[in-house]
Protein chains: 2
Amino acid sequence: MASRRSTPPAAGRPAPASPWRASRERLRDREVKREAVIRTAAREFNRKGYHNTSLDDIAARLEVTKPTVYYYVTSKEQLLFECFVAGVEQIRAAFREVTGLPVPARARLSAVLRHYGEAVASEFGWCMVRAEDQDLSPAMSRHIKQLKSEIDHGIRRLIREGIQDGSIEPCDAKMTAFALAGALNWIAHWYREDQSLTGAQIAEAFVAIFEGGLRPRRGPARPSARPRLRRARASLAR
Amino acid sequence: MASRRSTPPAAGRPAPASPWRASRERLRDREVKREAVIRTAAREFNRKGYHNTSLDDIAARLEVTKPTVYYYVTSKEQLLFECFVAGVEQIRAAFREVTGLPVPARARLSAVLRHYGEAVASEFGWCMVRAEDQDLSPAMSRHIKQLKSEIDHGIRRLIREGIQDGSIEPCDAKMTAFALAGALNWIAHWYREDQSLTGAQIAEAFVAIFEGGLRPRRGPARPSARPRLRRARASLAR
DNA sequence: TAGGTATCCTACTCACGGGTAAAGAGACGG
DNA sequence: CCGTCTCTTTACCCGTGAGTAGGATACCTA
């Protein structure tokens with residue numbers, strides 16, 4: 001119960017080498033370093049969770065000390081917020097990309113969802129999806145909620161448009177949006193252990209499932225197992 | 001940034017009155033009190049998250065002091081674990097209920113998913129879904145992972161059976177299971193603010209979406225918006 | 001070379017919260 | 001009436017981790 005947030009001090013994994021000690025060039029590109037801080041934080045949050053990651057951990061990853069991190073960022077909270085925004089921005093870009101395209105709304109929706117899935121599987125995915133408003137100050141919490149809500153309503157709108165243009169089966173737009181976003185958000189939970197697929201592949205597979213559904217399409221009807229007992233049906237009805 | 005885990009000390013909400021001060025009977029029903037501790041913990045975790053909930057908070061809710069809580073539970077970690085198990089048990093029960101029923105696998109799957117959704121929307125939903133293995137000791141982490149995996153594989157099995165008996169459209173069982181479970185798990189994130197629907201209603205709506213998918217069923221074909229530009233399609237392909 | 005500025009460090013403060021020691025307060029059997 | 005067992009309290013310990021003060025170092029400009 002003691003040492004769980006352990007990390008082999010400076011594990012040699014040369015992920016994206018820290019811009020400090022790494023390059024002797026010492027370019028004063030403040031922005032580059034700042035981004036390195038944020039990316040590193042995102043990776044650590046992703047690995048151990050927000051609360052199990054100390055700023056000392058992040059600093060250690062960068063081969064720097066804590067005050068240095070504070071030189072680029074004002075608080076841990078803000079760090080999480082920046083990671084969140086970085087993730088969300090990818091999705092907002094996806095929306096901008098598809099608006100106005102002259103294809104059925106379902107195609108536009110699918111395109112957005114593909115980007116959405118990739119974003120969730122990205123480095124900032126965890127932060128974007130799991131940034132708990134409970135962990136943030138009221139102000140930032142509001143901000144995050146608003147960004148999330150924007151995306152949610154964007155999805156709902158595409159669903160409604162799809163129902164109108166006939167490319168989407170009539171349904172409850174709100175519930176459907178929750179289901180789609182939820183399935184994609186959850187990728188952040190399991191995409192970590194098993195990296196055998198790329199984010200794009202996962203997103204593609206999910207979109208296919210969303211579009212088709214479980215029920216078999218009319219095709220070579222395979223009339224093998226048809227309901228035989230009414231009693232069983234009744235018991236399923238609960 | 002300071003007082004966020006605030007709680008009006010003893011807000012008069014007589015939810016499920018604490019078995020202490022409440023009853024003068026003073027029954028030595030240790031078990032009853034123990035369960036009250038766990039339920040209260042679940043509610044608090046659900047409201048503020050695991051890390052933002054102190055044992056003092058939980059004790060205060062019960063109108064008791066911290067050592068009393070420790071009298072019924074050995075650690076905060078165990079508290080989370082108990083909440084988790086309480087949630088998962090509902091789902092395991094659902095599996096037991098449907099195994100062997102003489103209906104197509106898709107019907108059995110839908111029944112399980114309905115129970116699943118209700119469980120996630122229940123009091124223990126949050127704990128079940130969000131119990132981070134990072135927050136727990138290696139031993140408990142393993143235990144939780146195993147329980148989760150059991151459920152996951154149960155869903156995959158039902159999907160495979162459905163594909164075999166023709167009640168489910170052929171698909172990647174693993175990915176599909178992830179998508180379904182993810183959508184349902186995510187309910188725990190948003191079902192809190194908006195309680196206008198019951199857990200059962202949500203689960204029902206989700207199952208309908210899963211089964212049908214977005215693509216319109218062959219019916220009164222509404223050939224309104226058909227793809228007109230190939231350029232647009234290409235740009236969507238990314 | 002002097003003064004200024006940007007960057008990073010050592011060495012702290014301090015509150016919070018998990019967990020414990022040990023002492024009451026009843027209840028009950030004998 | 002006393003010892004004992006169960007339950008709950010008051011009063012503490014102490015590690016952790018966010019955040020800071022203030023001093024070095026290096027680099028740039030005049």
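Remember, predicted model here, so these are calculated numbers, not experimental data. First the proteins, then the strands, lettered A, B, ... as listed; each starts at 1. Only this structure's heavy atoms are used, side chains among them; waters, hydrogens and symmetry mates stay out.
Separating the CZ atom of B:R30 from the C1' atom of D:dT6 is a distance of 9 Å, rounded to the nearest angstrom. In this structure, CD1 of B:I58 is placed 18 Å from P of C:dC16, rounded to the nearest angstrom. The distance between atom CZ of B:R34 and atom P of D:dC7, rounded to the nearest whole Å, is 13 Å. Note: CG (B:D56) to C1' (D:dT9) measures 13 Å, nearest angstrom. One interatomic measurement links the two molecules: CG of B:L79 to P of C:dG19, which rounds to 10 Å at whole-angstrom precision.
Atom NE2 of A:H189 is separated from atom CG of B:D133 by 9.5 Å, given to the nearest 0.5 angstrom.
Comparing atom distances between the B:P67 side chain and each of C:dG19, D:dT9, C:dC9 picks out D:dT9 as nearest. The side chain of A:Y72 lies closest to C:dT7 when the candidates are C:dT7, D:dG19, C:dG19.
Distances shorter than 4.0 Å separate none of the side-chain N or O atoms of B:Y71 from OP1 or OP2 on D:dT8. OP1 or OP2 of C:dC8 has at least one side-chain nitrogen or oxygen of A:K33 nearer than 4.0 Å. Between A:S54 and D:dT16, a side-chain N or O to OP1/OP2 separation shorter than 4.0 Å is absent.
Along DNA chain C, the nucleotide nearest to A:T65 and the one nearest to B:Y70 differ in position, and the one closer to the 5' end is contacted by A:T65.
Electrostatic pairing of B:R114 and B:E118 does not count as a salt bridge here, judged by no charged N lying under 4.0 Å from a carboxylate O.
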